[in-house]
Amino acid sequence: MRIATWNVNSIRTRLGRVLAFLERHDIDVLAMQEIKCRVDQFPADAFKTAGYEVFVNGKNQWNGVAIAVRTGIKAHLLGMQFTGEIPQPEFGEPPALEPRVIGVRADGIECWSLYVPNGRELDDPHFRYKLDWLDSLRSHVVSLLETDPKALGLFMGDFNVAPRDEDVWDMAEFEGATHVSVPEREAFARLLAPGTLPEAVTLSLEQLNEIGTGSTKPAGLFEVTRASAPGWTYWDYQKARWRRDQGMKIDFALATPALAPKIQKALIDKEERDGEKPSDHAPVILDF
């Protein structure tokens, strides 16, 4: 099975590119983020014509996630929010649940498309929201694996975290900024199996040793893209970041212990960041 994740940054703007990508790479399941539309605005008919069933969680012109599954693959909706002991946090005024999560079981694999909050600034309420959101995801995965340790699950999308120093073009540019802060990296680390942390996250030895201590149980997932798909996944539209190759690695796929050994390879399609009206993210493709 070939599964991909892609922050498309507006599905209506990027529809032609997305459909061409599905055909060119023979994708079975595509997790999309930042679709930026309501459910009734999503171009479901175009996907149906191309041979895909779509599942959509979108409310307005912001955020939004979706999953497209090739027609003929048995698939059903799992949910549009986390179901662990820690509820998925709300945000805004009045507070509301944002469309950042959707899960679909496709051919026995739980596929989750995730759009992690940006965080904005370290002293912004959105930063606290981001950390709480990641902890809710951790709680959801812990609950899943406690119920079924052999579950086949893949949690993928735009994590808005650069877990290692080499995941940004220049750490000096990010001093005092989000995406590389210790709290964000610790929250990302708590999603992972403890034995993988030294290679997965840049933290001090003391910080790494504290992951999993106390009452916060790590989720125990395995990041399955880095080993065979090095390089950036995001280049800002501003300041000629693409032309200067000043990118970030913030799009990942985290697999459950039962699914992780089944991965054969992964790749980043950098061609999708080039050309006419590209997204600022490149898709990440995984073969299982």
Side-chain angles (χ1 to χ4, degrees), residues 5 7 31-35 55-59 62-67 77-105 110-122 124-149 151 153-163 178-179 181-194 197 200-201 210-223 250-257 259:
T5 179
N7 180 323
M32 292 168 274
Q33 302 86 43
E34 273 201 284
I35 60 170
F55 302 82
V56 183
N57 182 9
K59 294 182 178 179
W62 308 113
N63 309 313
V65 287
I67 295 178
L77 181 68
L78 292 170
M80 297 187 184
Q81 65 185 85
F82 300 138
T83 57
E85 290 187 2
I86 299 176
Q88 184 177 326
E90 298 179 334
F91 194 78
E93 189 57 47
L97 204 63
E98 294 185 312
R100 295 180 175 274
V101 180
I102 192 166
V104 171
R105 185 184 298 276
E110 286 202 13
C111 299
W112 290 85
S113 181
L114 310 174
Y115 181 42
V116 178
N118 177 279
R120 299 177 184 168
E121 303 289 342
L122 297 181
D124 193 291
H126 206 258
F127 184 72
R128 182 69 258 171
Y129 168 55
K130 179 180 189 175
L131 298 180
D132 291 343
W133 199 96
L134 286 166
D135 198 40
S136 179
L137 168 59
R138 180 199 60 79
S139 176
H140 173 89
V141 178
V142 167
S143 178
L144 168 68
L145 292 178
E146 285 180 345
T147 302
D148 181 8
L154 190 63
F155 298 83
M156 54 190 157
D158 179 355
F159 280 79
N160 269 317
V161 177
T178 60
H179 290 62
S181 72
V182 169
E184 290 165 291
R185 288 178 169 180
E186 288 177 335
F188 187 87
R190 293 187 189 99
L191 299 173
L192 304 177
L197 296 186
V201 186
E210 289 181 357
I211 301 297
T213 61
S215 59
T216 303
K217 182 178 180 180
L221 298 173
F222 292 79
E223 204 293 305
I250 57 176
D251 301 85
F252 297 98
L254 312 183
T256 57
L259 182 62

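It should be emphasised that the depicted structure is a prediction, and the values quoted were computed from it without experimental measurement.
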Query raised in the report: Gly153 and Leu259: which non-hydrogen atoms are nearest, and at how many Å?
Result: O-CD2, 3.4 Å
Query raised in the report: Any sub-3.5 Å donor-acceptor pair from Thr256's side-chain atoms to Ala151's backbone N or O?
Result: yes
Report summary line: In terms of heavy-atom contacts, Tyr115 and Asn63 come closest through CE2-OD1, 3.3 Å
Query raised in the report: Taking Ser136 for the side chain and Gln88 for the main chain, is one N or O donor matched with an acceptor at less than 3.5 Å?
Result: yes
**Report entry** Exercise: identify the closest heavy-atom pair between Val142 and Ala219
**Finding:** CG2-CA, 3.8 Å
Report task. Among Asn160, Asp251, Asp158, find the residue that satisfies the side-chain hydrogen bond (donor to acceptor under 3.5 Å, both in side chains) test when tested with Asn7. Result -> Asp158
Requested in this report: Taking all non-hydrogen atoms of both residues into account, name the closest pair between Ala187 and Leu131 and its distance.
Outcome: CB-CD2, 4.3 Å
Report task. Would you sort out whether Val56 and Met32 count as a side chain to side chain contact (heavy atoms under 4.5 Å, CB included), showing the intermediate values? Result -> CA-CA 9 Å; Val56 183; Met32 292 168 274; over 6 Å; no
Requested in this report: Would you check if Met80 and Val101 make a side-chain contact, meaning some heavy-atom pair closer than 4.5 Å?
Outcome: no
Query raised in the report: Going through the distances and angles, do Leu114 and Val65 end up as a side chain to side chain contact (heavy atoms under 4.5 Å, CB included)?
Result: CA-CA 7 Å; Leu114 310 174; Val65 287; over 6 Å; no
Query - Side-chain donor or acceptor of Ser139 paired with backbone N/O of Glu85 under 3.5 Å - result: yes
Query raised in the report: Are Val116 and Trp133 close enough, and set up right, to give a side chain to side chain contact (heavy atoms under 4.5 Å, CB included), and what steps lead you there?
Result: CA-CA 7 Å; Val116 178; Trp133 199 96; 3.5 Å; yes
Report summary line: d(Arg105 CZ, Phe55 CZ) to nearest 0.5 Å is 12.0 Å
Query - Pairwise side-chain contact, Arg138 with Thr216, heavy-atom cut-off 4.5 Å (strictly under) - result: yes
Query - Closest approach of Gly212 to Pro218 (non-hydrogen atoms, all atoms of both residues) - result: CA-CG, 3.6 Å
Query raised in the report: How long is the span from the CG atom in Leu145 to the CG atom in Leu221, to the nearest 0.5 Å?
Result: 6.5 Å
Query - pair Phe159-Leu191: side-chain heavy atoms closer than 4.5 Å - result: yes
Query raised in the report: When the ring planes of Trp112 and Phe155 are compared, do they come out parallel, tilted or perpendicular, using 30° and 60° as the limits?
Result: parallel
Report task. Using a 4.5 Å cut-off on heavy atoms from C-beta on, say whether the side chain of Phe188 contacts that of Leu254. Result -> yes
Requested in this report: First locate atom NZ of Lys59, then atom CG of Leu97, and finally report the distance between them rounded to the nearest 0.5 Å.
Outcome: 5.5 Å
Report task. Flag the pair Pro89 / Asp135 as yes when at least one side-chain heavy-atom distance between them is below 4.5 Å, and no otherwise. Result -> no
Report summary line: For residues 184-194, the side-chain hydrogen bond (donor to acceptor under 3.5 Å, both in side chains) pairs (sequence neighbours left out) are Lys130-Glu184, Asp165-Arg185, Ser181-Glu184
Query - Distance, nearest 0.5 Å, that separates CG of Leu122 from CZ of Arg128 - result: 12.0 Å
Query raised in the report: How far does CD1 of Ile67 sit from CG of Leu77, to the nearest 0.5 angstrom?
Result: 8.5 Å
Report summary line: Note: Asp124 and Gly119 closest approach over all heavy atoms is CB-O, 4.0 Å
Query raised in the report: What distance separates Gln81 CD from Ile102 CD1, expressed to the nearest 0.5 Å?
Result: 12.0 Å
Query raised in the report: Should Ile35 and Asn57 be marked as a side chain to side chain contact (heavy atoms under 4.5 Å, CB included) after you check the CA-CA gap, both sets of side-chain angles, and the distance that decides it?
Result: CA-CA 9 Å; Ile35 60 170; Asn57 182 9; over 6 Å; no
Query raised in the report: Any chance CD of Glu90 has more than 12 other-residue heavy atoms, nucleotides or ligands included, within less than 6.0 Å?
Result: yes
